[in-house]
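Please read the structure below before turning to the comments.
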Number of protein chains: 2
Amino acid sequence: MRWDEIGELRCSVARSLSVVGDRWTLLILRDVFLGVRRFEDLQRNLGLTRHLLAERLRKLEEHGVLLRVRYRERPARYDYRLTRKGVDLYPILLSLVRWGDRWMADDLGPPMQVVHQTCGRVIAPALQCPECGGNLTAPDLRVELA
Amino acid sequence: MRWDEIGELRCSVARSLSVVGDRWTLLILRDVFLGVRRFEDLQRNLGLTRHLLAERLRKLEEHGVLLRVRYRERPARYDYRLTRKGVDLYPILLSLVRWGDRWMADDLGPPMQVVHQTCGRVIAPALQCPECGGNLTAPDLRVELA
DNA sequence: TTAGATAGTTCTAATTAGGAACTTAATAGT
DNA sequence: ACTATTAAGTTCCTAATTAGAACTATCTAA
């Protein structure tokens, strides 16, 4: 099976990964979430080839994750904005941050911290059960066919 | 910049992706979470090449995400178990499931459902603030240098 | 003695990624 | 008028990775 066929599987992990699961894509989205919107800035920041960046941005646009917006006429200049579908990827990035903070940090500690603006506190975002409020860890959960 | 250098960046997203951010790795881990532990079964289930599977498993073992366990002597046979570090990847998979359910589902609806065994209910795992209990969405959060 | 199970390795061809230079269009400076 | 700069890509060539298939090794059961 080739990688580009995994989106056809009846599996939400596979389908999500078919959009964001290749090299660079989530790093590009990290930058977009941090406010970087332009091709040049993304390329400079991430250091990936312009070729690849163009290809990934096109794919994200096709999937409706980013919107290519003309921010200046003459010469035509475009930048990239998150759609609703794109903004909704945030929990994926946050869970990557959390895992990296916990398991990949060096002795300088976590590079960034997350502030919950509603309550003003520095937090470590965690999954919770929306029904009972309990913390969610792997052994608490069972996955079954819907 | 080459992909294999991103783990050296001072960024928890980049560091996490240097471990699980390539094609197939998170799909392999999905299967391991669902109880598939053996090389043959993973290969059959996922349909990736044996070559790549071996390489990915080796890398996950090196990173301490999986443990290669001899489950039979003579002939020596091994399977793969999640370490604590590996189990802790669960929120990443769950957030991928959530996004796929919401944005990539077909008319058959989400393929699987998650049951919180502690309270017995079918849930959609969501990030919540451990301090105030509020739901976490991108606009509520600010990320800053630690 | 032949087939099957298990966990890989090896080989070649096809695809993808990396690096650098080029394009187009407008503006600002000299 | 000429040159440099900004911006968003494209094009071309080479290097690395992936896909697909076959092969290896070891033991068990028929």
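Reckoned from all heavy atoms, side chains included, excluding hydrogens, waters and symmetry mates. Letters A, B, ... are given to chains in the order of the sequence lines, protein chains preceding strands, and every chain is numbered from 1.
- Following rounding to the nearest Å, B:Arg2 (CZ) and C:dT16 (C1') show an atom-to-atom distance of 15 Å.
- At least one side-chain nitrogen or oxygen of B:Arg68 sits closer than 4.0 Å to the OP1 or OP2 atom of C:dG8.
- With respect to A:Arg10 and B:Asp106, a salt bridge is recorded, a charged nitrogen being found less than 4.0 Å from a carboxylate O.
- Listed by residue number, A:Trp24 are the residues of residues 8-25 of chain A with a heavy-atom contact under 4.0 Å to DNA chain C.
- Taking a cutoff of 4.0 Å between a charged side-chain nitrogen and a carboxylate oxygen, B:Asp88 and B:Lys85 do not qualify as a salt bridge.
- One can place CH2 of B:Trp3 at 9 Å from P of C:dG18, the figure rounded to the nearest angstrom.
- Taking 4.0 Å as the cut-off between side-chain N and carboxylate O, B:Glu40 and B:Arg50 count as a salt-bridged pair.
- No salt bridge links A:Arg77 with A:Asp79; every basic N to acidic carboxylate O contact stays at or beyond 4.0 Å.
- Across all strands shown, B:Arg74 has heavy atoms under 4.0 Å from sugar-phosphate atoms exclusively, and none from any base.
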Decide yes or no on side chain to side chain contact (heavy atoms under 4.5 Å, CB included) for B:Val69 and B:Tyr78, but give the supporting numbers first. CA-CA 5 Å; B:Val69 178; B:Tyr78 301 91; over 6 Å; no
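- Rounded to an integer number of Å, the gap from B:Ile28 CD1 to C:dA7 C1' is 15 Å.
- Looking at A:Arg15 and A:Leu9, their side chains never come closer than 4.5 Å, going by heavy atoms from C-beta outward.
- Near-neighbour residues of DNA chain C inside residues 36-57 of chain A, defined by a heavy atom below 4.0 Å, number-ordered: A:Thr49, A:Arg50, A:Leu52, A:Arg56.
- With respect to A:Arg38 and A:Asp41, no salt bridge is recorded, no charged nitrogen being found less than 4.0 Å from a carboxylate O.
- Note that the first and last nucleotides of DNA chain D, 5' to 3', having any atom under 4.0 angstrom from a heavy atom of chain A are D:dA7 to D:dG20.
- Between B:Lys59 and B:Asp22, at least one side-chain N (NZ, or NE/NH1/NH2) sits under 4.0 Å from a carboxylate O, which counts as a salt bridge.
- Between A:Arg58 and A:Glu55 there is no salt bridge, since no side-chain N of the basic residue sits under 4.0 Å from a carboxylate O of the acidic one.
- Linking ILVMFWY residues whenever their side-chain heavy atoms come closer than 4.5 Å, directly or via other members, leaves B:Leu42 and B:Tyr71 in distinct clusters.
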